[in-house]
Structures are given as C-alpha cells and as structure tokens.
Amino acid sequence: MQARSWKFIGLALIVGLGPAVRASASDLVLLHGHIYTGAPNSPWTEALSVTDSRIDALGADAESLARRGPSSRVIDLQGRTVIPGIVDAHIHVWLGAVALHGFNLSTPAASITPAKPKLLIARIRDYAARHPDEKLLFGRADFSPTPPFAPTHALLDEAVSDRPIIVHNISEHATWLNAKAMALAGITDEPLPDPVEERNVVRDASGHPTGVLIEAAMQTVERYVRATLSVEEQLAMIQVATRELNRYGITSVVNATGDLAEIKLYAALRDRGALTVRTRTAFGAVATPHRLTPQFLADLDEARTTYHDEWVSANLVKFFADGFTGLLAPLVYRPDQFKTLVVELDRRGYQLMTHATRFDTVHMVLDAYEQAERSNGSRDRRLRIEHSSSVRDADFPRYAALSVIDVTSPAFCCGDSGTNADPKEPTPSDQWQTFLKDGVVMGFSSDWPCSWPPNAFIGIQAATTREIWHSADTADIIDLPLDGAAMAGARATGKFYTPEQRVTVRQAVDAYTRGSAYAAFADSQVGTLEVGKFADLAVLSQDIFSVPPKAIGKTDVVMTMVGGRIVHGAIP
C-alpha cells in the first residue's frame, strides 16, 4: 500500500508540473508580424517564439506574449513580412568566396568585357595596386570561352605580369589566366597528364596555351589555388562568403561542387561557432567525369559517416552530363558510362544530382535514373536534375514517375529564346508550370556566383514575370545565353517569354524554401516555420506577396536568423 501511495504522489507531482513546463518562458518572442510559414495547412501567423534554436510556438500575438519570461528577448516585427530562411538549392560557396575576394567586372550595374581592353586593363591594374600583398589576383568577368572569340593571356599580361591573374567566367565553366598564372599552374606547351583535362585547354595552332581553360581543365588551376592558399586563408574567405549569403536571407545551401577537403573547411568553421549557413555539399567538379577510384570511394564514405549534422552534411554526388561552353554544351559522358556510374553510386546509397542543360542529356539522365531504380529497388532517393531548362514533351512525365526533383535558377530565364541555345528551337525552355502541374517538386536556386548577387528576390521577380532582360555590355559574347535578370548590366525589356509558365509568388517562395529543403533531405528541420523546426527565417523590407511582381527584386532583407540567432541585420 505504501509503494502504491508513493507512485500516486509521484504521478500527481508530474501531472502538477505539466502546465508549468508547457508554459515555461521562451528564449525569443517575435510579435506583430506578417509571417508566411510555408506550412500548407496554416500558411500565415502573426507571432512565433523560440527556445534554444527551435520554434516552440506559433499563433496570435497574445499566445506568444504568454510565453514571455523575465529573460526572454522580444522583437517587435512592426508588421513586416517574414518568410522561412532561403534554402538555396544549388550554389557554389567556394567559388563565391573566390569571387568576393577579387575584382568583379560583371555586376548588375555593368559588365566590362575584353571588347573594352583599356578599361579592363585599368580596372585590373587599379585592383592590383590597392592589394599589393595578394599573392593571387582573382577576377570575375564575361568573356567568350571558345575560339575564335576567346581572349588570350596577352591582355591580362599587359594589366599585370608579375603576379598570377585568375579570371573566372561568370558561368564558372571557363577561366582566363595571364602567363604568370599559367606557368605556376603547370599549363605549358606540354600536354597535361590527364587527357580529359588536356582536351579542355584552349591552344593555338602551334600548341601554345592561349590562357583560357574550359570545363575539366579548370581543375588544374583549382589544385594550384588550393595548394597556394593556407587553410586559414580559405576559412577566412568562406566565412566572408557565408555572411554575404546571410545578407540575402539565405540560411541553408546545397553546395553543388565540392570534395572532402572543402567539407572539412565548413566543419572547422562549425567547430569554431563561426558557420552561419547550414551546408550540404556534393562531391563533384565542373564538367569532370567521376571515376570510382579507391580514394574517391573512401572520401565519399568518410564524408557520409563523419558529416551528417544540421550544419555540415554530405552523402551527395554531383554529375555533369554536359558542360556550359560554346553554342552547344559539350558532353561529359557516353550514355553507357554514365548509366554504370549512376547505378553503382545509387546502389551504395548516395543521393545523386546531375547538371543537364541539353534536351538529349536530360533524356540520358532520366534513362540512367530509371535503370538505377530497376536495378536497386525502390527507396526514397530524391534524385535531382539541375537546371532542367531544356526538356522534351515526352520526358516531362518521367520526372513525376521517377520522383525526380527539378532544381533550377529562375534568374537565368529569360532571353528571347529562353535559355535555349538555338533561337529556332520550338520547344520552350524553363517550363515551370508544366512541372508543377505534373506534381514535380521544384527547388529554386541562385547558382551563385554564376548569378550576382545571390538574390532570391530577383529570382522570384523573374519567376513571376518571365520578363526578358538584355545587356548591351555583353552583346559581343559568343556563348550560351546568359542574359540573366539584373546581371551583367542587363536591363528589363518590357517583353515576356512564355508568360503562361509564370509561377505565383507563393509557388516561387515555396520553391526557394520548402521545395529546396526537400531536395536536400532537410525538410524535417527547415524550409517551413513550424513547431519543432529550426528558427531559420528572413524579415523583409516589403511585402513581396502584395507588391507588384516587377517590384519584388527591390526587396531587402532587414534581418536574417539562423537557429534563433541573428546573423544579419536587426529590427530598428
């Protein structure tokens, strides 16, 4: 009887404590907001509260005020619009860090191309003079990457000859070097040891390197850069880059190129408490074919088993089915090679994503994905195709049938022929409504630094208007279309490309948040504002759901929060 009494008393104490536990004070309370949660069943609220790093309640102001305690921080949103933190579904953090570290000749305001040699030389000389201690001079510019329109090292030599200059094409599928950089990176008259890399070195008729490397050949200079910069220098550059992403409301990313060494950099920043963006990094290098060497497989396995927390995760492999130089993107694999690799890496349990910009390469990727499912059985794969701009009508249903996610960058749409290389192509590009009506999950991205800056609100404007943009500054560039919205000096034309494929503002926001989180296997943690999820959010300068669509790109992020911690801005 005594034992039963103690059990009863203990139970009574627990029950008695229940309401007090539930009513315990939150660490942070946000009030008086116009909060878009992204949750399908309850998309709007006016307040939320946070304990530790997670949302503990959403609802009316009075409900959240009831959770305020003596030590709670209260932020009055003053009616501002709040959205879930942007989950950029396809980005290149290291390449963005490099671009931020150097001179940028391609901005929303203007683009300085080799067609303006005196101005280009002057800008580079000025940058070099102001940065006398930089051992590597990085740049970002628009230039034609393929002969006979490609520039040569001579122009860069005239600008600076005693320090290496490494200029990245805005597409990140070509680099342009001066003679000093070529010599230090081992680009000489002798062919490179790797035939795939050698094939992508642009040489003149005498076999001399011209200074331009395309596609896989860029790995030669990338290895030189990584060997030249110390780990601390690389960490400092990445930290600047992640803070830049926070400025635009970005709280999570899928890093669409990377390796084990790069993942370790994010882990080092995490361990120092200095990482302000959640990262999921894919193994892959631009237009470089994968080879299942023992070292590659060991690195993949180490990344998967070691890095799988909310800040640093892996288990993702990035393929390039094609490149992005010239008027027709070059192929990277034969179909049989690609299918064999996809089936084997899928068998090992890795998530797969594939860059594909051509009608035929999209078809090839779908064939390989279909074979993987047949060979390895059914499971939650979340297979992805990156860009998916050019898709034949017969292939659209296959996305839904295979549950393939379409990850694309709306800022690149739209030119007169969309993003089709052939202006006579009758099949329109970027058919977003077609995907959505088929029930395909879409993830939106910036593809930064290919777009500049990584502004999702420019992307939302482009997605909801499909307005055509043109840049007079880049009219001399011979390459695939890259007249992106508010990029490289482009201006809106007032004309529209296939407006029937426009999406709504909510659909665009969902693609930048919920859809992108799903594409990263992170939808249980981020992508919507719901109880139990991380308090990752962006407070906006205007209500993007009510302003005219052509004004959405003028939106600023007033404050960005990651896990309840303010990482950018503040409420005045």
Side-chain angles (χ1 to χ4, degrees), residues 87-94 252-264 266-267 278-322 332-333 335-356 361-362 364-388 399 402-407 441 443 445 515-525:
V87 181
D88 198 310
H90 179 123
I91 201 168
H92 307 273
V93 177
W94 170 249
S252 296
V253 299
V254 169
N255 200 22
T257 44
D259 56 19
L260 181 59
E262 185 172 340
I263 293 170
K264 288 180 177 179
Y266 303 124
R278 305 185 195 280
T279 64
R280 180 174 174 84
T281 298
F283 275 70
V286 175
T288 300
H290 283 305
R291 302 179 179 107
L292 303 188
T293 64
Q295 186 62 61
F296 176 69
L297 293 173
D299 286 354
L300 276 179
D301 188 59
E302 181 179 344
R304 172 166 59 184
T305 56
T306 306
Y307 304 109
H308 44 74
D309 61 43
E310 67 267 26
W311 288 105
V312 183
S313 67
N315 198 43
L316 181 60
V317 178
K318 165 76 173 294
F319 289 98
F320 284 81
D322 51 35
V332 176
Y333 299 96
D336 59 327
Q337 292 174 322
F338 180 69
K339 188 176 290 185
T340 297
L341 289 166
V342 164
V343 170
E344 177 57 22
L345 288 170
D346 176 79
R347 185 186 69 81
R348 293 170 181 261
Y350 295 103
Q351 186 189 14
L352 307 180
M353 58 191 289
T354 307
H355 162 115
T361 51
V362 166
M364 180 186 78
V365 174
L366 291 169
D367 283 350
Y369 286 174
E370 188 173 13
Q371 183 61 54
E373 184 163 312
R374 275 201 304 264
S375 298
N376 300 327
S378 178
R379 73 162 191 273
D380 185 7
R381 289 178 163 81
R382 304 197 192 182
L383 298 166
R384 305 165 40 136
I385 297 182
E386 314 301 300
H387 310 303
S388 289
Y399 278 77
L402 295 167
S403 300
V404 173
I405 301 163
D406 169 33
V407 176
V441 174
S445 72
S516 294
Y518 178 85
F521 277 97
D523 50 310
S524 66
Q525 304 294 327

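On a predicted model such as this, the values are computed, not experimentally measured, just so you know.
- Remark: the backbone N or O of A522 is not paired with any side-chain donor or acceptor of S524 at under 3.5 angstrom.
- Taking every heavy atom of both residues into account, A267 and Y307 meet most closely at CB-CE2, 3.5 Å.
- With sequence neighbours excluded, the residues that form a side-chain hydrogen bond (donor to acceptor under 3.5 Å, both in side chains) with E344 are R347, R348.
- Under the 3.5 Å distance criterion, the side-chain polar atoms of R280 are matched with a main-chain donor or acceptor of A314.
- Checked for salt-bridge contact, R381 and D346 meet the test: a charged N lies under 4.0 Å from a carboxylate O.
- When every heavy atom of T361 is checked against every heavy atom of A356, the shortest pair comes out as OG1-CB, 3.9 Å.
- Under the rule for a salt bridge (Lys or Arg N to Asp or Glu O under 4.0 Å), the partners of E302 that lie at least two apart in sequence or sit in another chain are K264.
- Atoms NE2 and CD, on H355 and E386 in that order, are 9.5 Å from each other to the nearest 0.5 Å.
- Under the 30°/60° scheme for interplanar angles, the aromatic rings of F296 and F283 are found to stand perpendicular.
- Under the side-chain contact (heavy atoms from CB on, under 4.5 Å) criterion, S388 pairs with I385, V391, Y399, D406, F435, sequence neighbours left out.
- Paired with T281 under the rule side-chain contact (heavy atoms from CB on, under 4.5 Å), one option of V254, N315, N255, L316 passes, and it is N255.
- Residues V87 and A517 share a closest heavy-atom pair of CG1-N, 3.9 Å.
- Residues forming a side-chain hydrogen bond (donor to acceptor under 3.5 Å, both in side chains) with D259 (at least two apart in sequence, or on another chain): none.
- Partners of F338 by ring pair (Phe, Tyr, Trp, His ring centres under 6.0 Å), not counting sequence neighbours, listed by chain and number: F319, Y333.
- With hydrogens and angles disregarded, a donor-acceptor distance shorter than 3.5 Å links the side chain of R382 to the backbone of Y518.
- Smallest separation of non-hydrogen atoms from S516 and G443: OG-CA, 3.6 Å.
- The backbone N or O of K318 lies less than 3.5 Å from a partner atom in the side chain of H290, making a donor-acceptor pair.
- For the pair R384 (side chain) and A519 (backbone), a donor-acceptor distance under 3.5 Å is present.
- For the ring pair (Phe, Tyr, Trp, His ring centres under 6.0 Å) test, residues two or more places apart in sequence or in another chain that qualify with H92 are H90.
- Distance check: L300 CG to Q295 CD gives 10.5 Å after rounding to the nearest 0.5 Å.
- For the residue pair Y369 / E373, no side-chain donor-acceptor distance below 3.5 Å is found, with atom types taken as modelled.
- Closest heavy-atom contact between V343 and S375: CG1-CB, 4.0 Å.
- Residue V342 comes nearest to A368 through the heavy atom pair CG1-O, 3.8 Å, listed as atom of the first residue, atom of the second, then distance.
- Here the CG atom belonging to D380 is positioned 9.5 Å from the CG atom belonging to L383, to the nearest 0.5 angstrom.
- Using modelled atom types and a 3.5 Å distance limit, the side chains of Q371 and D367 yield no donor-acceptor pair.
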#### Entry: Derivation of the side-chain contact (heavy atoms from CB on, under 4.5 Å) call for L345 and L292
CA-CA 9 Å; L345 288 170; L292 303 188; 4.0 Å; yes
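- With rounding to the nearest 0.5 Å, the separation of CZ in R304 from CD1 in I263 is 12.0 Å.
- Under the 4.5 Å side-chain criterion, counting only non-hydrogen atoms from C-beta, T279 is not in contact with V93.
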